[in-house]
Amino acid sequence: MNQIKTKPPLARAEANRATPTLLPTDHLEEVRAWGGVTSSLSYVYRPITAEALHEVLLLARRSGRSVGLRGGGNSYGDAAMNTENIVVDIRRMNRILDWNPETGRIRLEPGVTLAELWQYVLEDGWWPPVATGTSFTTMGGSAAMNVHGKNAYKAGPIGDHIIEFDLMLASGETITCSREANSDVFHAAIGGFGMLGIFTSLTMQMKRIYSGLLDVETCARANLDEMFTYFDENTGRSDYVVGWIDSLAGGKALGQGDVHRANYLPPGEDPTPAQTLRLENQHLGPNLFGVVPRSIIWVFMQPMMSDVGVRFVNFGKHMLGSVSGVKRYRQPHVQFHFLLDYVPEFKRAYGPGGLIQYQPFIPKETAGDAFRDILSLCQRRGLPNYLTVLKRHKPDDFLMTYAVDGFSLAMDFRVTSANRQRLTWLTRELDEIVLAAGGRFYFAKDSTLRPEVARAYLGDETIARFHELKHRCDPDGLLQTDLWRRVFPQS
Amino acid sequence: MSENNPPINRPLETQRRAIVVGASSGLGAALARRLAARGYRVAAVARREAELAALRDSAGPGLICPYVHDVTETEQVPLLFDQITRDLGGLDLIIYAAAVQPPVKLNEYDFAKDEAMIRTNLLGAIAWLNQAAARFERARAGQIVGISSIAGDRGRVGSPVYNAGKAGLDTYLEALRNRLSRHGVTVTTIKPGFIDTELLKNAARTFWVVSPDEAAALTLAAVDRRRQLAYVPPRWRLVSLAVRVMPSFVFRRLSF
């Protein structure tokens with residue numbers, strides 16, 4: 001063999017790069033966008049302690065790779081993906097560190113899920129102040145995305161209920177942040193989509209409740225104006241309000257749908273609070289109509305996920321709503337909040353192409369016209385969305401905030417290989433409407449945001465401020481995700 | 001760190017990615033061009049820098065990324081494979097098309113020549129496709145394509161080691177297929193007849209010659225259909241069958 005001459009080293013055409021350390025192939029895993037619209041391979045590590053987490057950061061430096069953070073993996077797009085680099089899945093860091101049932105203050109690790117949290121605090125008479133539509137989210141991921149619930153107009157995003165957190169920086173050093181200490185990092189790491197550091201513990205304030213049930217009222221609304229009127233009349237006297245819009249209805253019925261509002265029960269209202277607050281009495285129910293296991297409902301939903309199917313279902317729902325008028329009932333918290341968990345894997349009903357969500361946040365003054373334009377444009381382009389949710393919001397003081405004093409419209413679009421291109425064009429047209437109306441966007445839901453659109457709604461000053469904090473907390477750009485590179489590319 | 005980042009991915013606008021090893025000329029170059037024309041990001045791996053640069057310039061900007069590498073330097077493969085998958089932002093398809101066939105006289109037993117053939121035609125393939133196999137098994141997706149030859153069907157008087165190398169490649173690809181099909185990975189063996197390339201210069205008699213571009217089109221058609229085995233062009237299947245069933249006492253009297 002020794003007469004074989006050795007040639008100069010590899011890839012002369014591709015500049016000379018630092019030789020990276022190879023990472024073990026058995027850590028390679030497919031990491032998917034929650035909506036299933038894209039996936040890629042990453043080296044996935046699941047540290048259980050802060051020390052193990054620091055080890056992964058050191059490994060990343062040795063191998064010349066960046067680190068993306070992933071919680072429950074419920075972001076619709078690429079917010080928790082880091083193609084061909086390292087992904088740190090924080091779900092094993094899931095201890096409750098301290099709980100005070102007198103004050104409702106809890107200190108926990110970032111991998112604690114919303115389900116684990118409410119199950120832990122419920123029987124002491126507390127509930128998470130902000131609950132997303134799924135309970136599989138982690139608190140670390142929720143803080144990084146600064147998520148909201150159906151009470152956003154009242155409770156704000158989850159960041160408003162975080163008192164303090166420990167943040168591990170890319171160097172491995174940990175800093176404590178609150179509204180008093182390191183307040184600039186506090187206000188940017190919450191909603192900073194994992195770019196400034198890794199939450200290693202979070203201190204949060206829970207919400208006192210006096211019953212395991214909510215007073216729920218549902219009714220049908222004939223169009224978007226009626227929807228808005230309902231929100232105006234009811235947000236002041238309700239703890240939760242959410243609208244479900246039939247996006248296929250056009251003309252005079254544009255924006256028709258159902259609204260749900262709910263209130264906590266005041267003290268003394270529930271005769272048996274100790275019982276309704278028991279875990280056993282908070283369940284989604286194992287079966288649909290008592291017969292169909294929930295785990296396979298998505299199979300039956302699949303044929304409905306077409307223009308005709310959705311039209312049929314929405315029509316039926318609307319007729320039922322119109323006929324039965326206003327319905328009032330009491331419902332366990334879990335059933336009201338976690339609709340997305342009611343049908344496990346419901347995204348599979350959308351088929352192999354998955355789905356994207358497009359959720360603009362638009363000030364109340366312009367929201368009506370903008371939403372009308374958006375809904376009718378989707379219909380004109382032949383790309384109606386199949387699930388549309390209307391919510392009311394209020395502004396907050398976080399640097400990268402998506403919130404406005406106005407409304408958000410969350411729209412799920414089915415993605416197929418045939419409509420990808422048209423859907424891309426549609427979202428560009430929608431971006432124009434949203435920007436003209438002074439709207440904003442939400443990284444947890446995003447799959448399509450472009451750098452120029454982000455610059456337009458965030459403003460150069462905010463982006464420069466975020467880059468400055470990023471440089472201070474992570475000077476080498478160790479923390480990255482596909483979303484970061486897509487929306488904030490380094491020029 | 002930024003120079004090691006994968007390209008920007010847009011969730012709705014996905015691009016497929018391929019590696020072609022042995023891309024500087026012949027079938028490999030034609031495959032790289034055709035994949036780029038389909039919108040693939042292609043890593044073109046080959047020894048000759050000038051040919052690679054020309055190949056890069058023949059496609060749209062950023063579609064063909066050249067990597068200078070000699071497939072006999074197998075110890076470089078793990079690092080280079082890693083770099084390529086990062087630069088491409090993933091991998092969907094790998095095609096091993098590198099091969100050499102120096103002229104061998106009927107009474108020639110030159111080990112250096114034979115070793116060079118085995119190193120390029122067989123060991124290089126194993127070095128590259130092993131990397132892809134490990135990765136695709138983890139991904140539970142992907143396509144591996146080996147450019148073999150009808151020359152692997154029998155040992156002939158004219159080219160013992162070329163035949164042995166291609167036969168080894170056939171068996172290796174078959175084993176990969178059997179290992180990986182359960183993981184959703186397709187392994188395709190392409191068996192071309194005569195293609196109008198540098199390898200053909202040393203062939204004595206030729207017929208049914210196709211251009212590299214025609215061969216590339218037929219190869220990609222087989223890849224699209226996730227075929228296990230494809231003759232290029234298909235009529236070579238009959239020749240192959242005839243050659244394989246021919247009894248040894250006849251075959252050893254033939255002069256090709």
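Chain A is the first sequence line, chain B the second, and so forth, proteins listed ahead of strands; every chain is numbered from 1. All values below come from the heavy atoms of this structure, side chains included, with hydrogens, waters and symmetry mates left out.
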So do B/R138 and A/H27 actually touch side chain to side chain, heavy atoms under 4.5 Å? no
(message) Could you check whether atom CZ of A/R422 has more than 12 heavy atoms from other residues, nucleotides or ligands sitting under 6.0 Å from it?
(response) yes
CG (B/L91) and CD (A/E84) are apart, to the nearest 0.5 Å, by 8.5 Å
Applying a strict 4.5 Å limit to non-hydrogen atoms, the region of A/L41 in contact with chain B is side chain
Report task. Check for a donor-acceptor pair, side chain of A/R420 on one end and backbone N or O of B/P11 on the other, with a separation under 3.5 Å. Result -> yes
* Counting heavy atoms not belonging to B/R225, are there more than 12 under 6.0 Å from its CZ? -> no
Applying a strict 4.5 Å limit to non-hydrogen atoms, the region of A/V37 in contact with chain B is both
Salt bridge or not between A/E30 and B/R135? Use side-chain N to carboxylate O under 4.0 Å. no
So CZ of B/R10 and CG of A/D482: to nearest 0.5 Å the spacing works out to 11.5 Å
Only residue of A/N419, A/T38, A/L423 satisfying side-chain contact (heavy atoms from CB on, under 4.5 Å) with B/L12 is A/L423
- Counting only heavy atoms not in A/H467, do more than 12 sit closer than 6.0 Å to its NE2 atom? yes
What one should report as the nearest heavy-atom pair of B/I8 and A/P489 is CD1-CB, 3.9 Å
Do the non-hydrogen side-chain atoms of A/R486 and B/N9 ever get within less than 4.5 Å of each other?
-> no
Interatomic distance, CZ@B/R86 vs OG1@A/T83, rounded to 0.5 Å, equals 12.5 Å
Whatever's closer than 4.5 Å to a heavy atom in chain B on A/T448 counts as side chain
Rounded to the nearest 0.5 angstrom, the CD-OG distance for B/E13 and A/S447 is 11.0 Å
One should read off an interatomic distance between A/L22 CG and B/F81 CZ, to the nearest 0.5 angstrom, of 11.0 Å
